[in-house]
2 protein chains.
Amino acid sequence: MAKTVAERSDVIPVLAEIFRECGFEGASLSIIGEKTGLGKGSLYHFFPGGKEEMAAAVLNEIDTWFEDHIYRPLREVENPRAAISEMCHAVTDYFHSGRRICLVGAFALDNVRDRFTDQIRDYFADWNSALAAALQTAGHNETEASALAEEAVISIQGGLVLARALGDPSLFKRAMKKAEERLLA
Amino acid sequence: MAKTVAERSDVIPVLAEIFRECGFEGASLSIIGEKTGLGKGSLYHFFPGGKEEMAAAVLNEIDTWFEDHIYRPLREVENPRAAISEMCHAVTDYFHSGRRICLVGAFALDNVRDRFTDQIRDYFADWNSALAAALQTAGHNETEASALAEEAVISIQGGLVLARALGDPSLFKRAMKKAEERLLA
DNA sequence: GTCTATATGGAGATAGAC
DNA sequence: GTCTATCTCCATATAGAC
């Protein structure tokens with residue numbers, strides 16, 4: 001982070017990594033200051049609402065990224081099977097093959113859940129419904145499609161939990177491969 | 001909690017619920033004092049190591065419970081299919097049909113992970129291996145057995161994440177049912 | 001927009017009377 | 001074994017100079 005002049009938009013990805021590594025409570029302003037290279041003055045200039053606003057901004061950025069790279073392609077596609085396959089690879093990359101956790105999932109299990117209920121719920125609801133839409137386009141009926149979509153998102157989240165817990169990223173890759181197989185079966 | 005005399009052993013389940021609800025950092029000593037009915041003096045009498053010792057004791061108690069109610073029955077059984085089915089129902093009950101989260105999973109995604117790495121890893125490793133043992137006894141080869149076991153534990157954890165995130169416990173029940181089907185297929 | 005200095009609160013933890 | 005009083009520290013947040 002350059003000491004000279006910063007923009008809000010390039011602070012957010014740094015914040016995202018800090019929250020992923022340290023959690024919401026663990027991400028103290030001094031750590032944030034250190035890793036962004038910004039003093040408290042600048043941080044409160046960009047985020048007058050403090051840490052809560054920082055986390056909300058991060059969740060928003062995540063939502064935008066998933067909307068652009070995951071959800072929309074699933075909804076708007078001519079070839080849904082290719083889109084599903086693309087999703088699996090994009091997700092594997094996004095989570096660094098299991099070395100990076102899902103911040104939204106982590107927040108869901110944390111007590112900060114109550115402060116971000118809507119953003120957390122929407123993230124998973126949108127993922128489920130976009131994937132179900134692609135599966136319906138691919139020929140499944142509504143019931144099958146939503147069951148399959150739910151299962152896949154469950155496997156992704158569970159895979160991230162176990163990969164982190166066991167210190168074994170390869171577990172996440174196996175989970176993604178299996179999820180892809182089931183979605184395309 | 002009776003104000004009169006407490007025992008360490010009956011404080012621990014209360015602590016477990018507090019950590020589940022509030023997370024490690026969110027569980028302040030004042031909240032703990034309030035919900036256990038004990039002053040800091042008593043708490044430090046039972047847990048000289050403070051919050052860290054409290055959490056370690058909780059993780060130990062969880063480990064013992066799973067060893068007794070889940071892992072051992074899976075390993076020692078004549079009828080592995082019945083044991084697997086029992087596991088699914090015990091797990092559903094334990095997590096209150098999806099209304100209760102898994103503290104170990106939550107810790108795995110939190111920054112406290114680093115303080116409890118071993119206990120977290122063992123919890124999932126033991127679960128995987130006990131379930132895989134039952135599956136081998138039931139006739140699967142080693143590779144299949146460990147893949148199926150891993151998948152099931154993944155679904156349980158993912159199911160808990162999504163159920164909490166979406167505020168929909170029924171999602172967890174569906175995930176458990178599906179996991180059971182796969183294990184017994 | 002950035003910094004430093006500071007206010008204020010609550011955290012974890014300890015001491016010692018009962 | 002329990003309590004209350006107290007200590008220290010670091011958290012978030014603010015103020016105001018540059």
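Numbered from 1 within each chain, the chains take letters A, B, ... in sequence-line order.
- Taking side-chain N and O atoms only, A/H45 has no distance below 4.0 Å to OP1 or OP2 of C/dT2.
- C/dC3 atom C1' lies 11 Å from atom CG of A/L43, rounded to whole Å.
- For the atom pair CD1 (B/I18) and CZ (B/R20), the distance works out to 11.0 Å, reported to the nearest 0.5 Å.
- Taking only side-chain nitrogens and oxygens, B/S30 never comes nearer than 4.0 Å to OP1 or OP2 of C/dG10.
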**Item:** Working for side-chain contact (heavy atoms from CB on, under 4.5 Å), residues B/L59 and B/Y123
**Value:** CA-CA 9 Å; B/L59 290 175; B/Y123 172 84; over 6 Å; no

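- Look at OH on A/Y44: it is 7 Å from P on D/dT12, rounded to the nearest Å.
- If you take CZ of B/R8 and C1' of D/dT2, they are 17 Å apart, rounded to a whole angstrom.
- Summarising the geometry, the separation between NZ on A/K51 and C1' on D/dA11 is reported as 8 Å, rounded to the nearest angstrom.
- Contact annotation: B/S28 reaches the phosphate of C/dA11 (side-chain N/O to OP1 or OP2, under 4.0 Å).
- The interatomic distance linking A/F24 (CZ) with D/dA11 (P) rounds to 14 Å, in whole Å.
- Here the nucleotide nearest the side chain of A/L38, chosen from C/dT14, C/dA11, C/dC3, is C/dC3.
- You'll find that the side chain of A/S42 is closest to C/dT2, out of C/dT2, D/dT12, C/dA11.
- A/R100 forms a cation-pi arrangement with A/Y94, by the criterion of a distance under 6.0 Å to the ring centre and an angle within 45° of the ring axis.
- A/F47 places its CZ atom 16 Å from the C1' atom of D/dT12, with the value rounded to the nearest Å.
- We find that B/D110 and B/R113 are not joined by a salt bridge, their nearest charged nitrogen and carboxylate oxygen being 4.0 Å or further apart.
- Mapping A/L29 and B/F46 onto DNA chain D via the closest heavy atom, the residue that lands nearer the 5' end is B/F46.
- Heavy atoms of B/G41 sit under 4.0 angstrom from at least one base atom.
- At the heavy-atom level, B/K40 lies under 4.0 Å from base atoms of the strands shown.
- Atom CE in A/M54 sits roughly 13 Å away from atom P in D/dA11 (whole-Å rounding).
- With rounding to whole Å, B/E53 atom CD is found 12 Å from C/dT14 atom P.
- Taking 4.0 Å as the cut-off between side-chain N and carboxylate O, A/K35 and A/E21 count as a salt-bridged pair.
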